[in-house]
Amino acid sequence: MDRILINGGNPLKGDVRINGAKNSALKLMAASLLCDEPLTLTNMPDLADTRFMAQLLKHLGVEVSRQNGSSMVLHAKALAEPYAPYDLVRKMRATFNVLGPLLARRGRARVSLPGGCAIGARPVDLHLKALEAMGAQIELDEGYALAKAPKGLHGAMINFPFVSVGATEHAMLAAVLARGETVLENAAREPEIADLAACLNAMGARVEGGGSARIIITGVDHLNSATHRVVPDRIEAGTYALAVAATGGDVCIKNCDPAHLGALWDRMRAIGVSVQLVDEQSVRIIQSDRRCQAADVETQAYPGFPTDLQAQFMAVVCRAEGASIIRETIFENRFMHAPELSRLGADITVHGREAVVHGVEVLHGAPVMATDLRASVSLVIAGLAAKGQTEVNRVYHLDRGFEGLERKLGALGADIKRVSGP
Ligand code: EPZ
């Protein structure tokens, strides 16, 4: 199994280019099921998760091909049996979002329930309620959602009791081909939602308000071929920014959208890092070799501080001067990185959804084990800032969401390499 070896202590310097967003790409890929003409996605990241989604879509009858490196063409000309088996769903929750498009296009579908994961139980009740409000009849049987819409899906008023990115996207994907108007209240406002709305509209859908708390979708009969550029990955951009905060250095992060990371910039400035907005696609992060200041963080739905950057922020404040309180409000079990960071010498105490981090002057390299995607990259960040060698195991988590991580960090001056074998 691959491991990553890091000899910490090097400041990061230079430019880094950000890829398209994983969490947008996966839902855009699902959107291809809605249309019998090709959907071309550009700025597509090449990740274990996008390859896994491609595998499921191929199973469902979609022709998927990569072109010119970062483009993908998905053509759902004729769909196969609308059945998504457990083995093609269990590894990644975003696969469940094929249920709505399959129902919209085929009127029936059998899709495995995704199950829990390392960061929490993560139910799909809001997804199912939204589809039922649009006329779907859904039974849960032996771990599968068996859904049918014999009279087709129809528009509905859906008021989400709390914000869910996946449920908002799922409802949008189902509503674009439903009869009549669907109104989503208390919708998630993440940039990935606005991106999905833009792609669906390019395909001929009528979606208004994507990226706001109220989305109005007027159903159409048919979608058409389109080309769409995937929004830049704000979590990848934020991860590199936090890596510079941890190691010191001067890095220009390019091909990103700094406007999507306002809450992060606020917290980075609070810990003493210089964040300079260069233009609409680049941001420059400068940090001297002195220690950061402590600062508190609470994760929130967008535009709040992203839960997907919580672990990376924690890695940075492990070496800050003073104590930081980190509150996780989105997922109930997202501090699995804390005991691993403690193996490097961090002083972290977790009480339920709150972690108190007392900054220490020095972290020391050690073997650590990743439990999920963002946790594993937080261990890489801590390793870059630690004295001596850190070995990050279970690297397959990183491959789910960070394309070319060692290559990009190496080009910025980090001493990092991947090794295979026992
Ligand atoms: C998306 O997950 C992202 N994944 C997550 O990124 C991200 O952390 C999360 O949004 C929040 O920003 C993808 O886009 C593929 P939610 P999602 O529905 O859609 C609860 C990463 O590392 N809930 O907004 O699953 C849920 O358990 C991943 O890239 C229900 O109770 O998140 C959670 O506590 C991790 N019932 C909260 O809502 C439901 O039906 C928010 O989840 C749906 C969600």
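Ligands are counted one by one from 1 in listed order, and the atoms in each one are counted from 1 as well.
Judged by distance alone, the side chains of Asp2 and Ser420 do bring a donor and an acceptor atom under 3.5 Å apart. Side chains of Glu298 and Gln300: a donor on one and an acceptor on the other come within 3.5 Å.
Among Lys22, Arg93, Arg374, the residue whose heavy atom lies nearest to atom 22 (O) of ligand 1 is Arg374. Closest heavy-atom approach to atom 43 (C) of ligand 1 among the candidates Ala25, Pro123, Gly166: Pro123.
Close N/O approach between Ile330 and ligand 1 is found [any backbone or side-chain N/O within under 3.5 Å]. Residue contacts with ligand 1: Ala94 is placed with no nitrogen or oxygen under 3.5 Å of a nitrogen or oxygen of the ligand (distance criterion only). Note: no N/O pair closer than 3.5 Å links Glu190 and ligand 1 by distance alone. Polar contact check, Glu332 against ligand 1: no nitrogen or oxygen pair lies under 3.5 Å apart. When only interatomic distances are considered, the shortest N/O to N/O separation between Ala167 and ligand 1 does not fall below 3.5 Å.
Salt bridge status for Lys27 with Glu169: present, with a side-chain N to carboxylate O gap under 4.0 Å. Of the charged side-chain nitrogens involved, none lies within less than 4.0 Å of a carboxylate oxygen, so that Arg353 and Glu328 do not count as a salt-bridged pair.
If you look at Val165 next to ligand 1, the close heavy atoms, those under 4.0 Å, come from the backbone and the side chain alike. With a heavy-atom cut-off of 4.0 Å, Glu169 does not touch ligand 1 at all. For Thr307, every heavy-atom contact with ligand 1 shorter than 4.0 Å involves the side chain, none the backbone. With a 4.0 Å heavy-atom cut-off, ligand 1 is reached by the side chain of Phe162 but not by its N, CA, C or O.
Between Val377 and Leu398 the shortest side-chain heavy-atom distance falls below 4.5 Å.
For ligand 1 and Leu126, the ligand atoms under 4.0 Å from any heavy atom of the residue are 36 (N), 39 (C), 40 (O). Residue contact check: Lys27 has heavy atoms under 4.0 Å from atoms 13 (C), 14 (O), 15 (C) of ligand 1. Set against the non-hydrogen atoms of His127, the atoms of ligand 1 under 4.0 Å away are 40 (O).
Each side chain to side chain donor-acceptor pair (under 3.5 Å) pair with one or both residues in residues 198-208, not counting sequence neighbours, would appear here, but there are none.
Using a non-hydrogen distance threshold of 4.0 Å, Glu192 does not register as a contact of ligand 1. In this structure, Arg334 counts as a contact residue of ligand 1, since one of its heavy atoms falls inside 4.0 Å of the ligand.
Shown here for Leu28 and Cys199, the closest heavy-atom pair between the two residues is CD2-CB, 3.4 Å.
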Solution key, residues 150-164 side-chain donor-acceptor pairs under 3.5 Å, sequence neighbours excluded:
{"from": "Ser164", "atom 1": "OG", "to": "Ala167", "atom 2": "N", "distance (Å)": "3.0"}

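The residue from Leu57, Thr95, Leu56 that alone fulfils the side-chain contact (heavy atoms from CB on, under 4.5 Å) condition with Leu88 is Leu56. The side-chain contact (heavy atoms from CB on, under 4.5 Å) with Val316 is formed by just one residue from the set Val357, Thr247, Ile271; it is Ile271.
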